[in-house]
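Reading through the structure tokens given below for one structure.
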Amino acid sequence: MRNNMQNNMQKDMMVNDTYEVKRLCNRGPFCVKVPGSKSITNRALMLAAMSERRCELTGVLFSDDSRAFLDCLGRLGFELIIDEENERVVIQGTGGVIPNNTASVDVRSAGTAARFLTVMLALAGGDYEMNSSKQMAKRPMEPLLKILRDGGVEFEFLGEEGHFPFIMHSHDIHLSSVTVDTTVSSQFTSALLMAGTLLDAGLDINVTGSRTEGSYIKMTLSMLEQFGISYTRHDSGYRVAGHQSYGLGSYVVEPDISAASYFYSMAPILGCDVRVERVHRPSLQGDMKYVETLGTLGCVLEESKEGLWVKGSGVSSYHGITIDMNDFSDQTMTMAAVAVYADTPTSIYNVGHIRYQESDRMAAIINELTGMGIKCEEIPQYDGIRIFPGKPQPVEVETYEDHRIAMAMSLTGLGADGVVIKNPGCCRKTFENYFEVLDSLYTKADVDVILLDNDNTIMDFDECARRAVAISLEKAGIHAGKADTAVGFADRFLVHNTSMWQKLERREITRQELLDTRWQLFFEKEGIDYDGKAFEAIYRDELTKQHVLYEGALELLKYLSERYDVYIATNGITRTQTRRIAESGVGKYIKGCFISEQIGADKPSEKYFDACMNGIGIYDRSRVMIIGDSLTSDMKGGVQYGIKTCWLNRAGAVRPQGLHCDYVVKCYEDIERIL
Ligand SMILES: O=C(O)C1=C[C@@H](OP(=O)(O)O)[C@@H](O)[C@H](O)C1
Ligand SMILES: C=C(OP(=O)(O)O)C(=O)O
């Protein structure tokens, strides 16, 4: 599979597959839909199953983690209606009684299912075989199992002691007060909080460790409240009363903000605006803190009825930050990818626990970014990591069967060429169509007419000018200084010339003034005694004969002309441009040519673009796109006029502040990709 993953593709076949991330030229705005929250879905399933009501869940996640949970509930005998198409599940709560109290279940790779169901089944009682994926079998369970063992639950380990898989016998549980450490996983605490009410006398939960007030514990507490389960706080934790009668008729699951974060991160990376459907503040999800952090990189967060926008279109570049991500550590890898495109290093700290998740995420980030040529180091004293800005090299990225490594690392490929994600199918854990949603951003532009800049877009003006200067110097009998070459002289002239054309674009001088004075002013700077106007005439004559095209320019013109009405839109002198266009072979691919001298106005002026539109006979500005290298004439003009804009940024220059182009391309192949 290279882009365009098929929905119905056999997921198991994807393990050895790869996804090549293409540079994304589109600059949005992007509106995407992400699946329901994994954490909320699996909590809601558990709370609804133990409730006394029939509950309809909507906005439900359908992905491996929630399917695992649903499969387990099915095997345990719960009555379920699974309506995947409408992201809906109806579950009949059984008031804390497990219908099949002897069953074999498989939590697969879902940390939530592993921890929540183990406690739920232990506290409800019965004999259960608990299976998992190999990955989950390596993840920590023992702190939770020890609490249960101390309460009388018996475990037979089928693999490594203290880990999945195991058989659990729970018949005479005697737990009233437990102490749980959150350091390696806060899910232990969440599990006890949700299941506590299954015990006759309820449960006192003393919480210790580094994340006692963590965002996922807060999510659990909020959801207990939503479902009508009461709890009280005490100095060292919580108390959940026994056998509460509770239930909800319906529950709406929020979209997954962890999933949304990959798309929101494109806002600073690409300088675009991104909206994720149905994401709103406030949210139950702690990863909203990550989204808010994008505000510190210069993005603007804006609520809308359809969903939260993260607007990066005003962001030209951003600095790295130093940030404690302990409470939204699932986004550590995402932040690391964003850090690659910052202009100073980023330090993320207090995230030691990510070593015990789907993979050793700390090691994974360091290995994979280093492999891409990005400097990245561990900061052991702060349980953190420092990432330096860089340009990702085209390499294959290992994903360690970890969905978040795959999704985060795909972001590194958006601004570079050829980053390849191995085993993209691992995203099935929480976001099985992630790469399809990513693919959907690579849309073609919907236009009919192309205005194509000439110089430095299809013709190598600098090379033309260098040649014209050399011949003109010869003809005028000027020697450009002893230690100098005509090329060095021409290059200095080009800098001077560009600044004069920019003055013309800003209307500080007229075209005639430019032509009359540019050589005189330059000769004065160079200490050359020669009549500038006379030299202008020689140079102009020579320039008219120069038409060096960039490699691939004619092929591009052919490609575009077969699909669109193509016009040349140039600031220049009629005689010069007409001849160059005719002699270069460009003429046969275009419908016409708009030359500023002929029009009597230059790009970026409205008058210039009015003349183009009149000449083409088109009134709908959204059907027209200008492609050019110049921000000050092509892009500024196009943006102001309201036509589509495509910036040819060959050198990878920093994007301009406050000037948002619709597309940013690096080469002609990119243009063919968007048109
Ligand atoms: O409770 C939850 O839903 C989760 C808690 C966090 O795990 P840990 O508490 O194990 O770090 C988080 O990383 C995971 O994605 C979901
Ligand atoms: C740690 C994660 O998952 P789990 O719920 O399996 O712990 C995660 O999704 O990043």
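Note that ligands are numbered from 1 as they come in the structure, with each ligand's atoms numbered from 1 the same way. These numbers were taken from a predicted model, which means no experiment stands behind them.
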When you look at Tyr290 and Asp327, which way does the side-chain hydrogen bond (donor to acceptor under 3.5 Å, both in side chains) test go after all the steps? CA-CA 9 Å; Tyr290 172 78; Asp327 210 21; over 6 Å; no
If you look only at pairs with a residue in residues 227-249, which of them pass as a ring-ring contact (aromatic ring centres under 6.0 Å, His included), with sequence neighbours excluded? Phe227-Tyr251
Between the side chain of Arg75 and the main-chain N/O of Ser104, is any donor-acceptor distance below 3.5 Å? yes
Tell me, which residues have any heavy atom less than 4.0 Å from some atom of ligand 2? Lys38, Ser109, Ala110, Gly111, Thr112, Arg139, Gln187, Asp330, Gln357, Glu358, Arg361, His403, Arg404, Lys429
Is the shortest side-chain N to carboxylate O distance from Lys429 to Asp64 below 4.0 Å? no
Lys146 with Asp181: basic N within carboxylate O range, under 4.0 Å: no
Close side-chain approach of Glu377 to Ile385, heavy-atom, < 4.5 Å: no
Applying salt bridge (Lys or Arg N to Asp or Glu O under 4.0 Å) as the test, list every pair that has at least one member in residues 242-251; sequence neighbours left out. none
Could Glu401 and Lys134 be called an ion pair, given the rule that one side-chain N must be under 4.0 Å from one carboxylate O? no
Electrostatic pair Glu56:Arg88 at N-O distance under 4.0 angstrom: yes
Anything with a heavy atom under 4.0 Å from ligand 1 counts, so go ahead and list those protein residues by chain and number. Lys38, Ser39, Arg43, Thr112, Ser185, Ser186, Gln187, Arg211, Tyr216, Asp330, His353, Gln357
